[in-house]
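Here's the structure we're looking at; comments come further down.
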Amino acid sequence: MTATADRTKASVNTAAIERNCLRLRSELREGVELCAVVKAEGYGHGAAQSARAALAGGASWLAVAAAQEARELREEGVRGPRVLVMGALSPVELEEALAADADVVVWHERDVEAVAAAGGGRVHVKLDSGMGRLGTRDPDEASRVVAAARSTPGVEPVGAMTHFATADDFQDDGYFARQLDTFTRWVRTVKAEQPGLVVHAANSAAVLRDPEAQFDMVRCGIAIYGMDPFRADPSDRALEPALELSSYVAEVKACRAGESTGYGRRFVAEHDTHLGVLPIGYGDGWRRGLSNNADVLIGGRRYPLVGTVSMDNITVDLGAEESAERLRGERAILIGRQGSERITAEEVARRLKTINYEVTCGLAPRVSRIHHRDGAPGEETVVHKDTPPLLRVRRV
Ligand SMILES: Cc1ncc(COP(=O)(O)O)c(C=O)c1O
């Protein structure tokens, strides 16, 4: 599959990712390392390109969720930094992660045995201090796992970690503080036994919320892409959105009062107007929940999306003026800036009653990713899992 970038494309400014990392590093205490989370294709931005930009911005570790993602980073030439696979691993995936020279997460003694059986590797022990997902809730078990890793040939205990459930919620009745306290107390005991462990807990929200959560390393995803972990305007915290989603006006047609557009006739014109048709739809990740519920920037102005989002097209109301005809062929911005107008992933998320993470992660493989540095040409990447990596990057 080759990319047809004119149709719908996500332009990713890797220089913005680099600056967001520098911005996050400015929050960090002396010596605290930044781990850039590039799972889910770098939250939709392209994993390898985001990783390289983050490393240029001062990140020294990378994290992904799946073994396959670690392997793909290595295949795409990201060889230097440590890569942590944070997710659960089946036996086959464990072998894949270790073969990619990635660190893995463990929380039972049997996990340590599995790592040893798979040939050995570097492990991070996870305490579930309150997220209620992966990790052990029992600090004594977590300590036994550290000890088991230390005494098992071929297994190296490298890290001690946890994950916060409510770092992005200031009205959490003290839950974040309690998790932090639980983790801090456990870490004190394991660090006494194993001082070299890299201790890490904070995601983007925690970094921006409480310096006490930093420990030896922080794991940031959303903020490195310039999106706000608290669902606010990213510029409030000097974050710079890296991704612009654009399409173009492929057709303009008159629409008389009483005529409709799209499936189910969910828009019927109340007065004469013009419709613009843009080749983007839920097949691109522009979700159906945006039917009659989004704006698009064309020529620096906001126009409302009208009617139902279909798989491959949306329609916008371009207004009654004859000049609407001249918008045929114009670029249309769905996420990003045009003139003085701006549509953020946070705005789209609010309309969909979801979070910014889901908006960019949900962009489909069909959307070409164009990487650039502040407008200077970079590379076009088709994020398509079935295509061999070497075919996936094409210079523009
Ligand atoms: C275990 C873990 N750590 C860190 C992160 C990064 O979080 P954020 O994108 O909020 O910075 C994630 C992302 O979901 C995660 O699952």
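Whatever order the structure lists them in is the order used to number ligands and atoms, beginning at 1. Just so it is clear, the structure is predicted and the values come from calculations on it, not from any experiment.
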List below, pair by pair, the N or O atoms of ligand 1 and of the protein that are less than 3.5 Å apart, including the distance to 0.1 Å; reply 'none' if no pair qualifies.
residue: ligand 1; atom: 3 (N); partner: Arg219; partner atom: NE; Å: 2.9
residue: ligand 1; atom: 3 (N); partner: Arg219; partner atom: NH2; Å: 3.3
residue: ligand 1; atom: 9 (O); partner: Tyr43; partner atom: OH; Å: 2.6
residue: ligand 1; atom: 9 (O); partner: Ile222; partner atom: N; Å: 2.8
residue: ligand 1; atom: 10 (O); partner: Tyr357; partner atom: OH; Å: 2.6
residue: ligand 1; atom: 11 (O); partner: Ser204; partner atom: N; Å: 2.8
residue: ligand 1; atom: 11 (O); partner: Ser204; partner atom: OG; Å: 2.5
residue: ligand 1; atom: 11 (O); partner: Gly221; partner atom: N; Å: 2.8
residue: ligand 1; atom: 14 (O); partner: Lys39; partner atom: NZ; Å: 2.7
residue: ligand 1; atom: 16 (O); partner: Lys39; partner atom: NZ; Å: 3.2

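Sorted by first and then second residue, the ring pair (Phe, Tyr, Trp, His ring centres under 6.0 Å) pairs with a member in residues 46-83 read Trp61-His124; sequence neighbours excluded. Counting only residues at least two apart or on different chains, the ring pair (Phe, Tyr, Trp, His ring centres under 6.0 Å) pairs with a member in residues 137-164 are Phe164-Phe176.
Counting all heavy atoms, side chain and backbone alike, Pro229 lies closest to Ser204 at CG-CB, 4.0 Å.
Outside the 6.0 Å centre-distance limit, the rings of Phe215 and His200 are not counted as a close aromatic pair.
Each of Arg25, Arg29, Arg23 was evaluated against Glu27; a single residue qualifies, Arg23, per the side chain to side chain donor-acceptor pair (under 3.5 Å) test.
With sequence neighbours excluded, the residues that form a side-chain hydrogen bond (donor to acceptor under 3.5 Å, both in side chains) with Lys191 are Asp216.
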